[in-house]
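Working notes for the structure below.
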Amino acid sequence: MLLPRQFYARDVLIVARDLLNCYLVREYNGHLLIGKIVETEAYHQNDPACHAYRGKTKRNEVMFGPPGHAYVYFTYGMHYCFNVVTGDIGRAEAVLIRALEPVKGIDIIRTLRGGKSDRELLSGPAKLTRGLAIDLKLNGYDLTEGKILYITKGEPVAEEDIVVTTRIGINAGKDLPYRFYLKNNKYVSKK
DNA sequence: CGTGCGATATTCT
DNA sequence: GAATATCGCACGG
């Protein structure tokens with residue numbers, strides 16, 4: 001089932017948790033590339049680690065728009081990261097998708113990633129954008145259209161199978177418990 | 001196994 | 001000029 005707009009129109013911490021076990025689907029050159037979401041992080045405008053903490057800019061303006069759209073940004077001079085916008089219009093919130101478990105189109109994904117082992121294919125925010133061919137052309141894209149790039153519902157996850165901890169790769173806001181991942185899943189990104 | 005660092009463009013101070 | 005929501009290779013044990 002395609003996730004509807006209302007799914008994204010909730011608090012970013014709730015959406016980040018509920019995205020675990022859902023499927024990210026990418027239509028690429030006639031192939032279907034699918035990964036199960038196993039790790040997420042939440043960011044919002046009152047959080048010092050958020051790109052929108054100091055207001056709207058050209059880069060982060062998508063986060064201020066309607067929920068259910070993709071926020072893709074370029075970082076470290078060579079990597080893209082993929083987020084989904086949440087919350088109400090005018091409030092900047094987004095969930096960073098940090099890791100996927102490969103499900104479908106694994107051969108194509110491996111080609112895009114340069115022939116890595118299964119565990120290395122999508123286990124990091126910049127790895128999964130490369131493996132699913134996501135770049136700035138998809139920034140602002142509406143994920144509720146159900147084409148090109150979208151997310152479908154997964155099996156419900158028990159509270160005891162979710163680990164909540166601090167985020168990776170940031171300094172500001174590093175003590176906030178805004179990172180969520182599936183316990184014992186080997187495709188979660190490493191520290 | 002583990003730690004350290006270079007790549008390389010955009011944004012921030 | 002410095003920092004950055006990162007990755008992968010080089011090196012040492």
Side-chain angles (χ1 to χ4, degrees), chain A residues 8 11-20 22 24 33 35 37-65 67 69-87 91-102 109-141 143 149 151 162-182 185-191:
Chain A
Y8 302 102
D11 185 85
V12 67
L13 293 170
I14 304 294
V15 178
R17 182 214 173 284
D18 285 357
L19 278 173
L20 292 176
C22 291
L24 179 60
L33 312 180
I37 297 173
V38 301
E39 179 183 1
T40 62
E41 284 181 0
Y43 291 85
H44 62 76
Q45 62 186 27
N46 300 123
D47 153 25
C50 182
H51 288 164
Y53 184 60
R54 291 175 185 79
K56 187 189 288 191
T57 66
K58 187 73 177 172
R59 174 174 67 166
N60 68 29
E61 63 184 354
V62 172
M63 267 201 281
F64 290 83
H69 288 246
Y71 169 46
V72 182
Y73 66 88
F74 183 66
T75 191
Y76 287 105
M78 63 185 81
H79 298 301
Y80 300 102
C81 291
F82 168 72
N83 303 246
V84 302
V85 176
T86 68
R91 177 170 171 78
E93 299 184 342
V95 177
L96 170 69
I97 308 300
R98 281 199 60 90
L100 303 173
E101 175 177 332
I109 294 170
R110 198 188 313 282
T111 302
L112 287 164
R113 288 277 295 128
K116 303 287 192 211
S117 68
D118 284 5
R119 211 177 60 188
E120 292 292 310
L121 291 180
L122 305 173
S123 56
K127 296 179 187 175
L128 70 91
T129 54
R130 186 150 187 87
L132 265 54
I134 295 170
D135 62 20
L136 286 181
K137 292 193 293 296
L138 288 167
N139 187 36
Y141 185 78
L143 301 171
L149 186 64
I151 303 176
I162 297 177
V163 180
V164 184
T165 182
T166 55
R167 294 171 292 184
I168 289 181
I170 57 169
N171 284 297
K174 62 168 181 269
D175 295 327
L176 295 169
Y178 283 3
R179 177 172 175 240
F180 304 82
Y181 65 90
L182 293 179
N185 187 290
K186 69 176 181 176
Y187 298 96
V188 170
S189 73
K190 301 225 179 18
K191 173 69 167 134

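No hydrogens, no waters, no symmetry mates; every other heavy atom, side chains included, goes into these values.
Annotation: side chain of A:Thr166 is not in contact with side chain of A:Lys174 (no heavy-atom distance under 4.5 Å). Within the 4.5 Å cutoff, no side-chain heavy atoms of A:Arg179 are placed close to those of A:Val163. With a 4.5 Å cut-off on side-chain heavy atoms, A:Val72 and A:Asp135 do not count as touching. A heavy-atom distance below 4.5 Å is not found between the side chains of A:Val188 and A:Arg98. Looking only at side-chain heavy atoms (C-beta outward), A:Pro125 and A:Glu41 stay at 4.5 Å or farther from each other.
Atom pair A:Leu121:CG and C:dC7:P shows a separation of 13 Å (rounding to whole Å applied). Protein atom NZ of A:Lys58 is 14 Å distant from nucleotide atom P of B:dT10, rounded to whole Å. Distance CG (A:Asn60) to C1' (B:dC12): 13 Å, rounded to an integer number of Å. Following rounding to the nearest Å, A:Glu39 (CD) and C:dA5 (P) show an atom-to-atom distance of 16 Å. Nucleotide C:dA3 holds its C1' atom 14 Å from the NZ atom of A:Lys174, rounded to whole Å. The interatomic distance linking A:His79 (NE2) with B:dA7 (P) rounds to 13 Å, in whole Å. In this structure, A:Lys190 atom NZ and C:dT6 atom C1' are separated by 15 Å, rounded to whole Å. Taking atom OH of A:Tyr178 as the reference point, atom P of C:dA5 lies 16 Å away to the nearest angstrom.
To the nearest whole angstrom, the two P atoms, one in C:dA5 and one in B:dT3, are 23 Å apart.
Shown here, C:dA5 forms no base pair; nothing in the strands shown gives a Watson-Crick or G-U wobble contact with both key distances under 3.5 Å. Across all strands shown, nothing is found opposite B:dT8 as a Watson-Crick or G-U wobble partner with both distances under 3.5 Å.
Here the nucleotide nearest the side chain of A:Phe74, chosen from C:dA5, C:dC9, B:dA9, is B:dA9. Set against C:dT4, B:dT8, B:dT13, the side chain of A:Tyr76 has C:dT4 as its closest nucleotide. Minimum atom distance to the side chain of A:Lys127 is reached by C:dG8, of the listed C:dA5, C:dT6, C:dG8. Listed nucleotides C:dG8, C:dA5, B:dA7 differ in distance to A:Glu120; the shortest reach to its side chain belongs to C:dG8. Between C:dT6, B:dA9, B:dT13, one nucleotide has an atom nearer to the side chain of A:Arg54 than all others, and that is B:dT13. Closest contact between the side chain of A:Arg59 and the listed nucleotides C:dC7, C:dA5, B:dT11 involves B:dT11.
A:Asn171 has no side-chain polar atom (N or O) that falls below the 4.0 Å cut-off from OP1 or OP2 of C:dA3. For A:His51, no side-chain nitrogen or oxygen approaches OP1 or OP2 of B:dT11 to under 4.0 Å. At the phosphate of C:dC7, neither OP1 nor OP2 sits under 4.0 Å from any side-chain N or O atom of A:Arg113.
Between A:His51 and A:Tyr73, the angle of the ring planes goes over 60°, which puts this pair in the perpendicular group of the 30/60° scheme.
As judged by a 4.0 angstrom heavy-atom cut-off over every strand, A:Ala49 is placed among the base-contacting residues. Within 4.0 Å of A:Leu96, counting heavy atoms only, lies at least one base atom of the nucleic acid.
Both geometric conditions, a ring-centre gap below 5.5 Å and a plane tilt below 30°, are fulfilled for A:Tyr43 over the base of C:dA5.
Two residues, A:Gly77 and A:Ser123, neighbour DNA chain C, and the one matched to the more 5' nucleotide by heavy-atom proximity is A:Gly77.
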